[in-house]
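Computed from a predicted structure; not experimentally measured.
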Amino acid sequence: MSAAEGPLVVGVDTSTQSTKALVVDVATGRVVASGQAPHTVTSGAGRESDPRQWWDALTEALRQCGEAAHEAAAVSIGGQQHGLVTLDEHGEPVRPALLWNDVRSAPQASRLVEELGGAKAWAERTGSLPTASFTVTKWAWLAENEPDAVRATKAVRLPHDYLTERLTGQGTTDRGDASGTGWWASATETYDEEILAHVGLDPALLPRVVRPGEVAGTVRDRHDLPFSKGTLVACGTGDNAAAALGLGVRPGTPVMSLGTSGTVYAVSEHRPADPTGTVAGFADARGDWLPLACTLNCTLAVDRVAALLGLDREAVEPGRGVTLLPFLDGERTPNLPHSSGLLHGLRHDTTGGQLLQAAYDGAVYSLLAALDLVLDEDADPSTPLLLIGGGARGTAWQQTVRRLSGRPVQVPEAKELVALGAAAQAAGLLTGEDPAAVARRWGTAEGPVLDAVERDEETLSRLAGVLSDAAPLLERAPGNG
């Protein structure tokens, strides 16, 4: 391995299931070392993780990186959004973190929308209509169900904030991740004191919002930290904003990410405010905006269907007439937190491969239904859709996206884009560059382009019809009928 040409930085992706770390050469974008370690998530009604597992996983991932991590001049952490981390006066977790895909706060989400002016007012105020994924609804759920935990809480953090604070000793966050809480006002880019008062959350418990390009702090002088003392720490950001940085996305370029959750987003210079709640009006990590739609059921849901059928995930077969909505964990887009999977159109001659293809269709349809809403009206429809995430290299996923979108699809060759985006943010601290420009210099979005094919209007129409007709069933709460 040749010596690095420039200083080294570390980019971290602390996701739902694991933490990954990359050591990257600022001059070339070459990954000189990497590491990964898992953490666990509870199953059942809730989705929770002990934040201390994230720290242990980060430490192990960096240990795998070896000496290169200790040579790094700066570090940044990208992390799963929305998670509610509650800390006591010693900085220890009061209880496990409530994760983004924990939908127990659906009743609180509905109540908050009604109590504070309705959907349009929320969209104008925060840029988003809060769903059960948002942090504000999780805090409201906690206050209602575990008041002792709320009383013990002396600091409230998001997942990436928790790890950043353990590095620096300072409570900080960034505008990108703060915009997914439901208590950050996008018009003023400040915490919304009325919302905080309504849910009984003291703003003093929240982290300082660090501006893009600002240093969040430096690594503390403690023997157990995996970096050298004085290493610069960037503000970090949420995983989708980090991936957008990692791709160097310009306004008008659509991105679809296929992972545990599915997302579609695009960078915009205009502050979004969708009162339907389909599009979350997130901020990006640079100073622009990142209108985004997110589904809860993507690759894991389709893999679960494949496992139930005893099939390899690529064993799809073409077929007409069968529809599968893989809403196995409730759903966020469309907003159906109580839903479960639904199968319609099953016949004697339906094959397992056709059922599996129908699961892919259902998962992709939910994302494509929001694609036009996240793009500005003047966006060029011939611009390739950037396909990223764990599913992006799967042939079945690629072909389904092409067939249902009718767009050219580009699959970047770079992997671990969240960690690369965090690395680009860390590099920007050292060079003074826009982190997105750093990523473009690194060529992270380069990859093969799959030509557009004719859009499958029949399947799209059938999915829309089944979803509409089944809405009363999918909206029904458990135990109601």
Side-chain angles (χ1 to χ4, degrees), residues 3-13 21-33 65 68-79 160-161 163-165 167-170 172-179 189 207-220 227-251 253 267-269 282-290 412 414 416-446:
E5 295 181 23
L8 300 178
V9 292
V10 170
V12 175
D13 173 13
L22 302 180
V23 183
V24 182
D25 180 357
V26 171
T28 64
R30 183 170 62 89
V31 176
V32 301
C65 292
H70 292 275
E71 296 174 3
V75 57
S76 177
I77 295 173
H160 106 260
D161 306 340
L163 292 177
T164 300
E165 186 167 359
L167 289 173
T168 65
Q170 305 295 318
T172 59
T173 191
D174 87 301
R175 67 192 295 271
D177 222 359
S179 68
E189 300 207 19
R208 178 175 68 91
V209 181
V210 177
R211 296 186 303 274
E214 183 183 351
V215 176
T218 58
V219 172
R220 292 183 288 172
F227 296 105
S228 302
K229 177 188 175 182
T231 301
L232 296 180
V233 181
C235 57
T237 192
D239 51 5
N240 291 297
L245 280 185
L247 289 165
V249 175
R250 300 180 188 273
T253 299
V267 170
S268 175
E269 296 174 351
F282 295 152
D284 77 351
R286 298 173 52 258
D288 287 327
W289 302 93
L290 197 71
E416 308 301 348
L417 286 161
V418 173
L420 276 176
Q425 189 184 63
L429 292 183
L430 302 179
T431 66
E433 293 175 90
D434 174 352
V438 172
R440 289 193 289 271
R441 176 165 60 78
W442 290 349
T444 53
E446 296 173 1

**Message:** As an exercise, state the distance from SG of C65 to CD of E71, rounded to the nearest 0.5 Å.
**Reply:** 11.5 Å
**Item:** Partners meeting side chain to side chain contact (heavy atoms under 4.5 Å, CB included) with A423 (sequence neighbours left out)
**Value:** V9, V24, W442
**Message:** Distance check, rounded to the nearest 0.5 Å: S268 atom OG versus W289 atom CH2?
**Reply:** 10.0 Å
**Complete:** dist T237:OG1 -> D284:CG (nearest 0.5 Å) comes out at 8.0 Å
**Item:** Results of side chain to side chain donor-acceptor pair (under 3.5 Å) for N240 - residues two or more places apart only
**Value:** Q81, T263
**Request:** Tell me, please, which residues at least two apart from P412 pass side chain to side chain contact (heavy atoms under 4.5 Å, CB included).
**Result:** L247, L386, I388
**Complete:** With sequence neighbours left out, the residues meeting side chain to side chain donor-acceptor pair (under 3.5 Å) with T218 are none
**Request:** Quick one: closest heavy-atom pair of A439 and G246, and the distance?
**Result:** CB-O, 3.5 Å
**Request:** Begin from the C-alpha positions of T168 and Q170 and carry the test side chain to side chain donor-acceptor pair (under 3.5 Å) through to its verdict.
**Result:** CA-CA 5 Å; T168 65; Q170 305 295 318; 6.0 Å; no
**Asked** CZ of R250 to CG of D288: how many Å apart, nearest 0.5 Å?
**Response** 12.0 Å
**Request:** For residues A68 and V32, report the shortest heavy-atom separation together with the two atoms involved.
**Result:** CB-CG2, 4.3 Å
**Request:** Using salt bridge (Lys or Arg N to Asp or Glu O under 4.0 Å) as the criterion, list what pairs up with E416, not counting sequence neighbours.
**Result:** none
**Request:** Compare all side-chain heavy atoms of I77 with those of L167 and state whether any distance is below 4.5 angstrom.
**Result:** yes
**Asked** Partners of E165 by side chain to side chain donor-acceptor pair (under 3.5 Å), sequence neighbours excluded?
**Response** R157
**Request:** Could I get the full list of side chain to side chain contact (heavy atoms under 4.5 Å, CB included) partners for A73, not counting sequence neighbours?
**Result:** L430
**Message:** Nearest 0.5 angstrom please: L245 CG to T444 OG1, how far?
**Reply:** 10.0 Å
**Over all atoms of both residues, closest heavy-atom pair of A427 and V438** = CB-CG1, 4.1 Å
**Item:** Pairs meeting criterion salt bridge (Lys or Arg N to Asp or Glu O under 4.0 Å) with involvement of residues 227-239, two or more places apart
**Value:** D221-K229
**Request:** Could you go through the side chain to side chain contact (heavy atoms under 4.5 Å, CB included) check for H160 and D174 one step at a time?
**Result:** CA-CA 10 Å; H160 106 260; D174 87 301; 3.6 Å; yes
**Message:** Is there a side chain to side chain contact (heavy atoms under 4.5 Å, CB included) between V26 and R441? Walk through the geometry before answering.
**Reply:** CA-CA 10 Å; V26 171; R441 176 165 60 78; 4.3 Å; yes
**S76 side, atom OG; L429 side, atom CG - distance, nearest 0.5 Å** = 7.5 Å
**Asked** Mind checking what makes salt bridge (Lys or Arg N to Asp or Glu O under 4.0 Å) contact with R440, not counting sequence neighbours?
**Response** none
**Request:** For E214, enumerate each residue passing the side chain to side chain contact (heavy atoms under 4.5 Å, CB included) test, keeping only those at least two apart in sequence or located in another chain.
**Result:** R208, V210, R211
**Message:** Show the nearest heavy-atom pair for residues A285 and P212, with the distance to one decimal.
**Reply:** O-CB, 3.5 Å
**Fill in**
On a heavy-atom basis, the closest approach of G78 and A422 is N-CB, 4.0 Å
**Item:** side chain to side chain donor-acceptor pair (under 3.5 Å) partners for D161, two or more places apart
**Value:** T173
**Asked** Closest heavy-atom contact between T164 and C235?
**Response** OG1-O, 4.4 Å
**Message:** Under a 3.5 Å distance rule, please check whether Q425 uses its side chain to pair with a backbone N or O of P435 as donor and acceptor.
**Reply:** no
**Request:** Please tell me if the side chains of V233 and V219 come closer than 4.5 Å, counting only heavy atoms from C-beta onward.
**Result:** yes
